[in-house]
Protein chains: 2
Amino acid sequence: MTDVAREADVSLKTVSRVVNGVSTVDPEMAARVRAAVARLGFRRNSMARDLRTRSTSATVGLLIEDLANPFYAGIAAAAAQCALENDTLLITASSEEDADRERRLLLQMCERRVDGLLVVPAGSTADHVYLRTEIEMGTPAVFLDRPPTNVRADTVLIDNAAGARSAIEHLTARGHERIGVLSDWLSIHPMSERLSAAEAALERAGAPYRPDLIRFGLHHVPDTEAAVEEMLTGPQPPTALFALNNRLTLGVLSALNRLGRDVAVVGFDDFETAGLMAYPLTVVSYDARAMGRIGAELLFERIGGDASRPRTVVIPTTLVEHSGAVRPAPPAPARD
Amino acid sequence: MTDVAREADVSLKTVSRVVNGVSTVDPEMAARVRAAVARLGFRRNSMARDLRTRSTSATVGLLIEDLANPFYAGIAAAAAQCALENDTLLITASSEEDADRERRLLLQMCERRVDGLLVVPAGSTADHVYLRTEIEMGTPAVFLDRPPTNVRADTVLIDNAAGARSAIEHLTARGHERIGVLSDWLSIHPMSERLSAAEAALERAGAPYRPDLIRFGLHHVPDTEAAVEEMLTGPQPPTALFALNNRLTLGVLSALNRLGRDVAVVGFDDFETAGLMAYPLTVVSYDARAMGRIGAELLFERIGGDASRPRTVVIPTTLVEHSGAVRPAPPAPARD
DNA sequence: GAGAGTTCGGCCAACGTTGTCTCGTCGGCC
DNA sequence: GGCCGACGAGACAACGTTGGCCGAACTCTC
C-alpha cells in the first residue's frame, strides 16, 4: 500500500480511503490511486484488514465426510451458494469418518478464524466438547445430518425414522415377509436410527425378527456386495432388500445384477440416475440440498448475532417409486 | 495471548514460545501455560501469525463450475486430499459458468492470500489477464479441464480429441451411419474440442456431414431431452447418439426412456451407475480424480518454488463398454 | 475579504503474533 | 570463590491495514 501511495504520489491514508470507497476523495485523485493499484497489481491484504478492524473473516468452514459422495456434494453446493449470498467464502474439508481428523480440521479452521462451522460429524465415536469453547467464544457451529455429542448447537437432521418406516411399510404392504436390511456402521447416527425404525416397523408388521436378514458395518461397496450375495444364496433368501444409504443401494443393485436375481429394492437416499436403472427402485427421498441451505442459513443467523436457544430442523422424507427403465427392442439396428 | 500470559503469570513471549513448541522453555512453566491455554480456550490466531511471519497462509483456492456435479466433486475431493497432505486447507467455490463471478471469487481468494489457485475456467468468454499479476506476484495458478486465456500457466487437460475420436470410431465400426452428436455450449473448451474431433472422425469414416444431427448449446437437461426428441422424431432419425458430457448423457438416456426408443449411446465422462442402466452404454472414461490430484500436485510444486516453464498434462481416455443391466424375471414373487 | 466547509496528509496507535536482542540467573568448573 | 557459559525470560519492533485526530490547504459563499 505504501508502494501504491508512492506510485500515485498521494499519502498512504488516501490510498486506504480509496480502496475502502470513502466518498470524500477527489475523483481525480481516486482515479490516480486506482491506476497505481492496477499498475502495481496491488490487492488489499484482507488478513491484515480483518486483524485491524476485528471484523469477520468472511469465511465459514464446512466439514463433511466425503466430497465425492453426491449426497455430501449436494450439501456442499447448497452451503457454498448460501455462503456466496452472504459474501463469504467456504473452506471445505473431508473427515473421511475419522473423528481425530475431524477435530484437527475443525480446530485448524478455528485458528484461521472462520466465522462459523458447518459440521457433519464423523461416524466413529466423536466427542465435540472441544467445540463448546469455540461456540462460547463466538464461533457458532451447525451440525448436519448427525447430532453433535456433548455440546448443544443447531442441528439439521433427516427424518430417518419416518423414512425407514415408510420403506418397510411399502414392502410389507406388498406382501414381503422376508426383508433383508443392509446398514453401514452403526456408529453413524442416521444408520442406527434407520435400522431401529426399520426393525420396529418389521415387528409391527408381524415379521419375525430374523438376525440373518440384518447386516450392518458395511462401509465399502465390496462388503455390501458380499453381504447381499451371502443373503441371497442362503436358505430362505429375502424377497426384498432395504439399503440404508446411497452407497449401499449401489452395492445392492450391482450384486443383483451380477447374480441375475430380481428382488424388490428400497434404498435410503435418492440419486440422479435412480429412474434410469434396469431395476425398479423405490427410494426414500428428501431434499438434500435443503439440508445444506438451511444449515447455512441457521449459521448465518447465528453469525448475525442470534443467541436464541439451539434449534433442530428435521427434513421430511417422501417415498419415490422409480418404475425402472425398460429397454425396447432396437428399432432399426445397423449391421453388427 | 496476553490473557493467557496473565493467567499463567508469565510473559507474553513465553506463551508464544510454548504454543510454538520452542524447546528452551522450562517444563514447569510450559505446563502452566498449557493449563492456562486450556482453561481460557485460547486458539492462536493464524491470521496474525501469518501476517507477522510472512509465511504462507496454508490455504489454496479451488474454483470449479458446480460442486454438485460428480465430475467436479471428484476433482474437488482429490484436490482436498492432496491439500490435506500438504497441511493446507481448501477454499472451494463454484463459478456456475459465469466469468464475472469467477473473477470476483478468484480475486477474493487472492485478497485472502491463498498460496495458490486451482481453476476450472468458466465457459463463458473468460479472460484471465487479471491473474497474470497474481501469478507474477507469487500466487501460482493451475488450470483444470480447460486452458486459460491470455496467461500461461500449468494446465491439466483431458485428451478430448482422442476420446471423441474413439467414440465415433466405436459407432462407425458397428455400422452406424447416422450418428447424432449433442454438445453443451461451444464456449466451453472441451466441448468444441470434442465436437471438432467427432466431426473429423465422422468425415474420415465417410459419414456425410449432416448439420441436422449436430446440436450444441445444450446446457440444461430439458434442452437435451427436447433436442433428442426432435432428432428422433424427424425423418431419418439417427441410429446412434454421442453425448459430449455426463449431463448430456443423462438427458439422452432419460429421453430415450420416455420415448421408448433404443439407439446406441456413447457418452463422454463415465459415472458411478453407468453399468446399472437399463441401456447398454459406452462411455469415454478417464481418471477424473487424477485431474484434481495432478493439478494440486503441480500447484504445490509451484508453491514450493518451482519456477520452470508452465507444463501441460493430458489425461488419457479409454472407451468402456457397459453392457447394461438386465432384469431377470422375478424368482419368488410375493403376492401383489 | 472573511468565515465556513471540504479534502488531504501525516502522525500515532492498535489488531495478535513472532523475531531479535538483551539481560538476568544459575550451574559448573577450575 | 570467581568466572564463564548456557539457558530462560522479557522488552521492543514489526507484519499490513485502518481509525482517530488535527492541521494545512483549498473552495465556496456571502
### Query
Less than 4.0 Å between a side-chain N and a carboxylate O, is that true for B/D306 and B/R311?
yes

### Task
Under 4.0 Å between any heavy atoms, over every strand shown, what does A/M47 touch: base, sugar-phosphate, or nothing? Just pick one.
nothing

### Query
Is there a side-chain polar atom (N or O) of B/S16 under 4.0 Å from OP1 or OP2 of C/dT17?
no

### Task
Name the orientation class of the two ring planes belonging to A/W185 and A/H219 (parallel below 30°, tilted from 30 to 60°, perpendicular beyond 60°).
parallel

#### Entry: B/D50 CG to D/dA14 C1', straight-line distance once rounded to whole Å
15 Å

### Side chain to side chain, A/E7 and A/R32, heavy atoms closer than 4.5 Å
no

#### Entry: Upstream residue (5' side of DNA chain D) when B/S11 and A/N45 are each assigned their closest nucleotide
B/S11

### Task
State whether the side chain of B/R112 and the backbone N or O of A/S57 hold a donor-acceptor pair below 3.5 Å, judged by distance alone.
yes

### Task
Figure out the CD/C1' separation between B/E111 and D/dT17, and round it to whole Å.
12 Å

Check nucleotides 11-15 of chain C for protein N or O atoms closer than 3.5 Å to its own N or O atoms and list the pairs.
from   : atom 1 : to    : atom 2 : distance (Å)
C/dA14 : N3     : A/R52 : NE     : 2.9
C/dC15 : O2     : A/R52 : N      : 3.0

### Query
Per the atom types in the model, does the base of D/dG19 pair as donor or acceptor with the side chain of A/R17 at under 3.5 Å?
no

### Atom-pair distance (CG on B/L12; C1' on C/dT17), nearest Å
8 Å

#### Entry: Whole angstrom value for the distance that separates P of D/dA24 from CG of A/D26
21 Å

### Query
Within this structure, what is the CG-to-P distance between B/N20 and C/dG19, rounded to whole angstrom?
7 Å

### B/R146 (side chain) donor-acceptor with B/P121 (main chain) under 3.5 angstrom
yes

### Message
Taking ring pair (Phe, Tyr, Trp, His ring centres under 6.0 Å) as the cut-off, I'd like each qualifying pair that reaches into residues 100-138 of chain B, sequence neighbours left out, listed once.
### Response
B/H128-B/F143

### Task
Please determine if a side-chain N or O atom of B/T2 lies less than 4.0 Å away from the OP1 or OP2 oxygen of C/dG16.
no

